[in-house]
Amino acid sequence: MTTPRILLFDSGMGGLTVARAVRAQLPEARLVYAADSAGFPYGAWKEEALVARIIEVIGRLIARTDPHIVVIACNTASTIALAQLRQRYKVPFVGTVPAIKPAAAWTKSGIVGVLATPGTVSREYTHALIHTYAYHCQVFLHGARRLAEMAEEKLRGQAIDLEELRREIAPAFRKRDGKRTDVVVLGCTHYPLLVDEIAKVAPWEVHYIDPAPAIARRVADVLDETPRHEAGFAPPAHGTVILTSAERGAAATLAAYAAMGFPAHEILEMPV
Ligand code: DGL
């Protein structure tokens, strides 16, 4: 069968944490990464506009890459648009949603912190996850406004303001009745890029859940069940990043993608 072609998608660089896990799980696969750099960050978008944007961008990307599977490596996009994407396009999708179920199974104190974008914490999908899997826990959801951008700044080689980081994560750490948060869900794919810094400024030690390895296993399972057609044209080479805006394709950004295994790039202009 032909080499698997996998398209990974995020608003920015966060999905690289998922790409890293997929590459480890499926070293033979041909990976193309796409970032809606023109639309970044997704965290603050209004729901309706964001769904329309994601559907349009993914349509263009599928046409350009002809993938066997699309990984929506973005919680903000998955929690709002996965169902519509599956209705609209025939290719199989694997999404990323906050790892509330494993956190609820892991916690001993029953106090769970979730760090995500303001969009993800407001979604019904996220609240339904809590209702179904973590009804016996106290879950503190925090919509962090700057964390995704800080993660990108780090990858571009800029210094991180640790005081700002401390403030951004603080609401996920809570004490109740002599117990305290013992697990924090990294509910945005950007956040594992900052996990060392987060652990450094956290008020106490907790277990952090990065769902990337579980997503990579899911990708492998879905690929196993998917017949793989030859591409009808020459798709981008393995290790290509596609960006939706040229101005975000500045040297430091491209260097960051190259360092994470995506040294080639294409621009598919899609202004917002
Ligand atoms: N990486 C994204 C997520 O997993 C979103 C970051 C953003 O665009 O705000 O939610």
Side-chain angles (χ1 to χ4, degrees), residues 7-22 33-47 49-58 61 70-82 85 93-100 102-103 113-127 129 141-156 164-165 168-169 172 184-195 198 208-216 218-219 241-245 248 253 256-257 260 262 270 272:
L7 171 64
L8 295 124
F9 172 77
D10 183 28
S11 54
M13 298 177 181
L16 289 169
T17 59
V18 177
R20 183 167 62 188
V22 169
Y33 186 89
D36 186 6
S37 49
F40 179 82
Y42 275 179
W45 278 64
K46 293 266 182 302
E47 295 207 355
L50 185 56
V51 174
R53 170 77 185 172
I54 292 166
I55 288 179
E56 192 194 350
V57 173
I58 293 292
L61 290 169
V70 179
V71 183
I72 304 296
C74 174
N75 295 264
T76 313
S78 296
T79 51
I80 199 179
L82 207 50
L85 286 168
F93 285 90
V94 170
T96 322
V97 299
I100 286 164
V114 179
L115 290 170
T117 66
T120 299
V121 304
S122 70
R123 300 277 138 74
E124 255 176 65
Y125 193 108
T126 306
H127 292 272
L129 284 176
L141 283 174
H142 175 53
R145 284 179 303 109
R146 275 269 303 143
L147 273 188
E149 279 163 300
M150 290 174 83
E152 301 226 339
E153 287 161 13
K154 177 186 169 183
L155 281 198
R156 288 197 196 93
E164 184 181 19
L165 185 63
E168 285 278 304
I169 66 161
V184 169
V185 175
L186 300 174
C188 166
T189 52
H190 278 74
Y191 302 169
L193 297 167
L194 284 175
V195 73
I198 291 174
Y208 294 95
I209 300 192
D210 169 8
I215 296 160
R218 177 79 192 131
V219 171
V241 56
I242 302 177
L243 302 172
T244 56
S245 61
R248 296 267 188 152
T253 302
Y257 282 112
M260 295 288 282
F262 293 88
M270 290 197 71
V272 170

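The model shown is predicted, which means the values in this text are computed figures rather than measured ones. Atoms within a ligand are numbered from 1 in the order they appear, just like the ligands themselves. The figures here come from the full heavy-atom set of this structure, side chains too, leaving out hydrogens, waters and symmetry mates. In what follows, residues are counted from 1 in the order of the sequence shown.
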Q. So, the side chain of Trp45 versus the backbone of Arg53: is there a donor-acceptor pair under 3.5 Å, distance only?
A. no
(Q) Given 3.5 Å as the limit, does a donor-acceptor pair link the side chain of Tyr42 with the main chain of Ala77, or not? (A) no
Q. For atom CZ of Arg218, is the number of surrounding heavy atoms from other residues, nucleotides or ligands below 6.0 Å larger than 12?
A. no
**Q.** Sidechain-backbone polar pair: Glu152 side chain, Met13 backbone, donor-acceptor under 3.5 Å
**A.** yes
Q) How about Thr17 and Thr189: does a side-chain donor come under 3.5 Å of a side-chain acceptor? A) no
(Q) If we ignore hydrogens and angles and just use 3.5 Å, is the side chain of Thr76 paired with the main-chain N or O of Gly119 as donor and acceptor? (A) no
(Q) As a test of reading the model: which residues have a non-hydrogen atom less than 4.0 Å away from ligand 1? (A) Asp10, Ser11, Phe40, Pro41, Tyr42, Gly43, Cys74, Asn75, Thr76, Thr117, Ala148, Cys188, Thr189, His190
